[in-house]
2 protein chains.
Amino acid sequence: MPKALPTVYDVAARAGVSIATVSRVFRRPDEVTEATKTVVQAAVRDLGYVPSGSARGLAARRTGSIGLCFPDFDGIDQFDPLTFTAGPVSVALDPAGDFEPTGDLYISEVMRGIEIEAWRHGVAVTIAVARGPRRSEIFDNLAGRVDGMVALSRTVPDELLAHIARRIPVVMIAGPRADDAYDHISTDSAGGMRAMTEHLITSHGITDLAFIGGPADSPDAKNRFDGHREALRSAGLRVARAPRMRGDFTRSQGRAIGRELLAEGRLPRALVCANDQTALGVLDALTRAGVRVPEDAVVTGFDGIDATQLSSPRVTTVRQPMLELGRAAVDTLLRRLSDPQLAPDSRTLPVEVLLRESCGCLPVASHDDFS
Amino acid sequence: MPKALPTVYDVAARAGVSIATVSRVFRRPDEVTEATKTVVQAAVRDLGYVPSGSARGLAARRTGSIGLCFPDFDGIDQFDPLTFTAGPVSVALDPAGDFEPTGDLYISEVMRGIEIEAWRHGVAVTIAVARGPRRSEIFDNLAGRVDGMVALSRTVPDELLAHIARRIPVVMIAGPRADDAYDHISTDSAGGMRAMTEHLITSHGITDLAFIGGPADSPDAKNRFDGHREALRSAGLRVARAPRMRGDFTRSQGRAIGRELLAEGRLPRALVCANDQTALGVLDALTRAGVRVPEDAVVTGFDGIDATQLSSPRVTTVRQPMLELGRAAVDTLLRRLSDPQLAPDSRTLPVEVLLRESCGCLPVASHDDFS
DNA sequence: CATGTGGATGTATGCGCATACATTGTGAGA
DNA sequence: TCTCACAATGTATGCGCATACATCCACATG
């Protein structure tokens, strides 16, 4: 016997008023007498009434929530059904080994920014992972129940995106600046990497740089490489046509690249990596092989994740405002919702180069410095 | 002129069928002829039709999404409206200082687990931060548009939770095991901390232990302290009545506690911390003061966050399965949705003690070991 | 050739709310 | 005292879909 959920009608009956009054108590409290409000609220409490979001959304033609198409994070489809184990607490040695970071810090931060701004504006955020055979169904479901959508680059096929963009506004984060109708939010990847490369050339006098790229289909990775090349060109150095090697933005792949570089023999003076995880992996490999950073080789990253401050040496990197990326996306989306006439917007957030020990700008601290 | 969104009626008209057939193409494709399906799908594409989630939810009496009441993460209300700055890329020294972690890793992992399991079952996740003066309104909005809800402990006042629990099932993560009607998922905090403490006593022969607690209102912090006391009692040691000090689960507070301990003079042989961030903060303070860990003092944590592997020495800790916590919550929620008759469930997930360098179980690696 | 059967499709209705508009009641002003 | 304006509340309707039930049609069976 699934209990019938209370509706406005039940509340109205119990409070001795009409359903319009009940609705008003929630939507426009000012238009209702204090006394009536009290009676209605009591009925609401007694019955355990909660307005149906679906009915509200249908009647008001807006849902009050925005969608986030969650990226395809690695291995989501490798998880088996959960099995419940119970038993004694295991106690075991956990020897140091290759460190594998949990989750994706970049995405977590962007999401946090989205949450913050959504909260500030009183909207909820609905997330779905559009992946697997049911992808388009999942995506439609999401698009059907939100007022607008934020999409991280590479998370949704163009075709699907175009379809739903006819219904609700879409803001793309870090996507290719295509000639599309979406709003775009991105960070100054090219500018940041150019400044980083210029720094290595100008301040450290390095002319032997190798760029370690990211996935070939990543717009960010491409922009960063472009910035790198601009700096080389300005400095009159030989401009690489392609990255020296390509990683997949993971630390373990970075380690593999580091080992490969070592195996090749002569190490470039500077290893400019397309992101922090790659830089940290390269650093792992070099350090393990006894190569001194920055004395023997300089390593730099991009993103500004926490782990770059916890490594030894700390990694010189370009910090991009991940949280602001999320905030700006929501801000732009809500702006468009309130005025659909606006022309497609395109915002680029500034980045900053953080000079630390791995490029040699700061002396490597030893434990002795603390004592 | 806000374009009218296409509805089933528009699609039906264009395809020359009835709305029932259009609906069936989406909901029960098997009952429709291949030919009809093709015609309808063409109309859907042409018109850019996406089914309204609100109307679906209203008609079907379920929304296909579950709610997550996002915790009150620190400082959300301190954010000012976003201001857009533009300008040249800043390039500046970033000297080493007190490390302040970004975001909350625990929550990120739990969320990831929730996403994974939600994806596996084809449901979306709606998140809202119920905080501030509009808290109950926000919360009702969330509750009204989902089929069930996952609540992290301490994120929702009991009263609000009880109200919405009359409408939809609620699964609580890491909450106090009260005599309520909710399903509960938790980890074996007490057992883990007991095992950790027993290890220090038994394997290391330590009898002089100080427990550094967490917030007084955190059930987890309380359970961990209880486990610690059980171990002391079993070993016949003097059982502390209260934690030696209390942190707030942050690294900076951990550092403050570390400094305070140092200022007091005689350091206990082991500092058993209620969570990793606190342990890392204490470690920061001791290391900076020249105290050797583990030789002079042993430090242990709880949670198993990444940073415990990046510190030097690495921190011995109790790993709790954060991702599984999220997965189990969703699993339980969906189970209940499919059978509301089930009795309230209560699952405790196992934890594991990871013995590393900070308790002395493994030798501290120096850079020389790598070469 | 009449009848029965099952699959494909159409018709009509209600889900729970917001809101335009109608109605009622109250006090101010004439 | 009567009228008018406005505030408070009620009535009726539609939002877009899913679905129970009705209808229709092709084909098998007697």
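Just so you know, these numbers come straight off a predicted model, no measurement behind them. In what follows, chains carry the letters A, B, and so on, assigned in the order in which the sequence lines appear, proteins first and then strands, with residues in each chain numbered from 1.
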Rounded to whole Å, the CG-P distance (B/N141 to C/dG16) equals 18 Å

*asked:* Suppose we call a contact any N or O donor and acceptor under 3.5 Å apart; does that hold for the side chain of A/Y9 and the base of C/dC17?
replied: yes

Closest to the side chain of B/A59, out of C/dA18, C/dG14, C/dT11, is C/dG14

Within less than 4.0 Å of OP1 or OP2 of C/dT9, is there a side-chain N or O belonging to B/T33? yes

Indicate whether OP1 or OP2 belonging to C/dA18 is found under 4.0 Å from a side-chain N or O atom of A/R27. yes

Could you give me the CA-CA distance, side-chain angles and deciding distance for A/R327 and A/D331, then say whether salt bridge (charged side-chain N to carboxylate O under 4.0 Å, His left out) is met? CA-CA 6 Å; A/R327 291 189 65 191; A/D331 183 85; over 6 Å; no

Between B/T63 and B/V146 the two heavy atoms that sit nearest each other are OG1-CA, 3.5 Å

Rounded to whole Å, the CG-C1' distance (B/D140 to C/dC17) equals 15 Å

query = Base, sugar-phosphate alone, or nothing: which one does B/S23 contact when heavy atoms must sit under 4.0 Å apart?
reply = base

Checklist entry - Are B/R134 and B/F139 in a cation-pi setup, meaning NZ or CZ lies under 6.0 angstrom from the ring centre and within 45 degrees of the ring axis? => result no

Of B/A55 and B/V32, the one whose nearest nucleotide on DNA chain C sits closer to the 5' end is B/V32

What contact category does A/R28 fall into here, base, sugar-phosphate, or nothing, at under 4.0 angstrom with non-hydrogen atoms?
sugar-phosphate

Between CZ of A/R62 and P of C/dC17 the distance, given in whole Å, is 17 Å

When only distance counts, do a donor and an acceptor, one from the side chain of B/R24 and one from the base of C/dG10, lie under 3.5 Å apart?
yes

Taking only Lys NZ, Arg NE, NH1 and NH2, and the carboxylate oxygens of Asp or Glu, determine whether A/D147 and A/R336 approach each other closer than 4.0 Å. no

* Asked: What about B/Y49 and B/Y9, are their ring centers closer than 6.0 Å?
  -> no

When rounded to whole Å, the CD to C1' distance for the pair B/E31 and D/dA18 reads 12 Å

Side-chain contact check for A/T21: nearest option of D/dG10, C/dA18, C/dG10 is D/dG10

With the side chain defined as heavy atoms from C-beta on, A/V8 is closest, among D/dC17, C/dG16, D/dG10, to C/dG16

(request) Report yes if a side-chain nitrogen or oxygen of B/T36 is closer than 4.0 Å to either non-bridging phosphate oxygen (OP1 or OP2) of C/dT9; otherwise report no. (result) yes

Report which part of the nucleic acid B/F26 touches: base, sugar-phosphate, or nothing (heavy-atom distance under 4.0 Å, all strands).
-> nothing

Winner on side-chain proximity to B/R61, out of C/dT9, C/dC15, C/dC17, is C/dC15

State plainly whether the residues B/E117 and B/R120 are in salt-bridge range, i.e. N to O under 4.0 Å. yes

Walking DNA chain C from its 5' end, the first of A/V50 and B/G16 to be reached, judged by nearest nucleotide, is B/G16

In whole angstroms, the gap separating C1' of C/dA8 from CG of B/D30 amounts to 13 Å

*Hey, is the side chain of A/S18 poking within less than 4.0 Å of OP1 or OP2 on D/dG10, counting only N and O atoms?*
yes

Closest to the side chain of B/V17, out of D/dC17, C/dG10, C/dG16, is C/dG10

To the nearest angstrom, the CD-P distance between A/E34 and D/dA8 comes to 11 Å

B/I19 CD1 to C/dT11 C1', in whole Å, measures 9 Å

Counting just side-chain N and O atoms, does B/R56 come under 4.0 Å of either OP1 or OP2 of D/dA18?
-> yes

Rounded to whole Å, the NZ-P distance (B/K37 to C/dT9) equals 10 Å

